[in-house]
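Below: the structure, in structure tokens.
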2 protein chains.
Amino acid sequence: MSDQLTSREGTRERIVEAARELFFEQGYNATGMSQILNRAEANSGSLYHFFQTKEDLLVAVLEKYKLMLCPMVIEPAKQRASDPVDRLFAILMGYRMLLEATEFRLGCPIGNLALELSNSHPRARQLIEENFEGWVGEVRAIVDEVSDRLPEGMDAECVATLLLSAMEGGVMLARTYRSLEPFDRTVHAVRLMFDQLVRGGSEWSAPLTATSTP
Amino acid sequence: MSDQLTSREGTRERIVEAARELFFEQGYNATGMSQILNRAEANSGSLYHFFQTKEDLLVAVLEKYKLMLCPMVIEPAKQRASDPVDRLFAILMGYRMLLEATEFRLGCPIGNLALELSNSHPRARQLIEENFEGWVGEVRAIVDEVSDRLPEGMDAECVATLLLSAMEGGVMLARTYRSLEPFDRTVHAVRLMFDQLVRGGSEWSAPLTATSTP
DNA sequence: CACTAAGTTGAGTGATCGATCAACTTTAGC
DNA sequence: GCTAAAGTTGATCGATCACTCAACTTAGTG
């Protein structure tokens, strides 16, 4: 049988993917190696042939996330909207859709690992930072398209950072409350402030401010 | 020796406090019972006399956090500022001070546990929700004092939720980057938007917007 | 003081943790 | 087709996990 994807690096990828899913669902410390092996349908010897320690596997997972940012987060959102500001909120809506589809179990995998591991795993912390940096970079590039409309004292980096913070906080609250309400309130508040901020932008408008432009 | 605080419920409190500190520093799953016993200077039998399981101990920690909100977070911030809007940002500055004092190791203990345990520990999730609810309630009460200045479509609940989300996200980024910059950028963006929003408030102003009012 | 309940001691439980290893099979290059 | 490297197998390792328990000490009550 020509299972060239199953063997020959196929095992390694199955292990990384299984670990990624389980770290996402349960966290790093709560996930055992045996659990990963079960889901990957591999044996411990295979795993430790590719990864010397559990932390090395975590590093591989975080490297994979860096590659997943654009195809899984940024590009789909860009497909769903054309206006720059709409694209920013389309990115946030991506996380909302995932929360809804998983009954508030899955939000942002990087955020989970950030709080769990930043103190104890320096290599992971560095890679988490790089993941955040990638996210902010992509978002800032979109904000840059309308940066001429930003008020004094506010630059694209600042706006992108706020969007990331608000997203991570909103996801945290949604998962805790098992409800989209706190997430929606957060996004709504940001959007309304955006309205005031980038006044005179395109004709997008926040849901509850019907007629704010003259 | 009259160690009436050491024995007679003193042991229980020492155990809860040790667990609280360690869960804060390392997370729930990464903290072992033996570690808690060492820091509390207690034996396992004493611990399991008061708490049947590790999760029961976690519940006690979360109950304690509910009692700590006002004396440790809200009241000190109110002491440091008198204007309602200033008080809101004084609360955020409290987290900033903790981040700075601990070299970005400690941020919000509830946020840590929220992401780690919301999926797997229903009782903890409920108590974490109650902790967030307490925070939002206190902050909303402050926002209510200036709610007449909020624009259409924005209520105090919405503003309080945004402040919580932004704080949690900002703390997450500061701990990951080991820097106050992302936290400060987040708070700065919120404050600038606040400026636009609650225009005509008191004379507080965001650092980088020197002359925006006519 | 006697009695009981509350609290404490710390060795010990089985289970599971991350990790190891020698034996074995498959693949790639010549 | 032979050889060496790469990959796989699964039993097994010691350490640590959350947790138990019988014996013991202390505190509260009549």
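Sequence lines set the chain letters: A, B, ... in the order given, protein chains first and strands last, and positions in each chain run from 1. These numbers come from a predicted model, not from an experiment.
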query: Just checking, is any N or O donor in the side chain of A/Q126 or A/E130 under 3.5 Å from an acceptor N or O on the other one?
result: yes

Across the strands shown, which category fits B/G32 at heavy-atom distances under 4.0 angstrom: base, sugar-phosphate, nothing? sugar-phosphate

Look at the side-chain N and O atoms of B/N43 and state whether any lies under 4.0 Å from the OP1 or OP2 oxygen of C/dG10.
yes

query = Does a side-chain N or O from A/Y48 land closer than 4.0 Å to OP1 or OP2 of C/dT20, or not?
reply = no

Out of C/dG18, D/dT20, D/dT8, minimum distance to the side chain of A/T11 belongs to D/dT8

query: Which of parallel (below 30°), tilted (30 to 60°) and perpendicular (above 60°) describes B/Y95 and B/W135?
result: tilted

Phosphate OP1/OP2 of C/dC17 contacted by A/S34 side-chain N/O (<4.0 Å) | yes

Rounded to whole Å, the CD1-P distance (A/I36 to C/dG18) equals 7 Å

Hey, would you say the B/F194 and B/F89 ring centroids sit under 6.0 Å apart? yes

Out of D/dC19, C/dT8, C/dA19, minimum distance to the side chain of B/F50 belongs to C/dT8

From CE of A/M33 across to C1' of D/dG10 the rounded distance in Å is 15 Å

Whichever of A/S46 and B/E41 has the more 5' nearest nucleotide on DNA chain C, that residue is B/E41

Rounded to whole Å, the CD-P distance (B/Q35 to D/dA15) equals 18 Å

When rounded to whole Å, the CD to P distance for the pair B/Q52 and D/dC21 reads 12 Å

Here the distance between atom C1' of C/dG18 and atom CG of A/D56, to the nearest Å, is 13 Å

For A/S44, report the nucleic acid contact type (base, sugar-phosphate, nothing); a contact means any heavy atom under 4.0 Å. base

Less than 4.0 angstrom from a charged side-chain N to a carboxylate O is my criterion; do B/R185 and A/E157 meet it? yes

Here the distance between atom P of D/dT20 and atom NZ of B/K54, to the nearest Å, is 15 Å

Between CG of B/L37 and C1' of D/dT20 the distance, given in whole Å, is 13 Å

To the nearest angstrom, the CG-P distance between B/N38 and C/dG10 comes to 12 Å

Q.
Regarding B/D184 and B/R96, does a basic nitrogen lie under 4.0 Å from an acidic carboxylate oxygen?
A. yes

Among D/dG7, C/dT8, D/dA11, the one nearest any side-chain atom of A/H49 is D/dG7

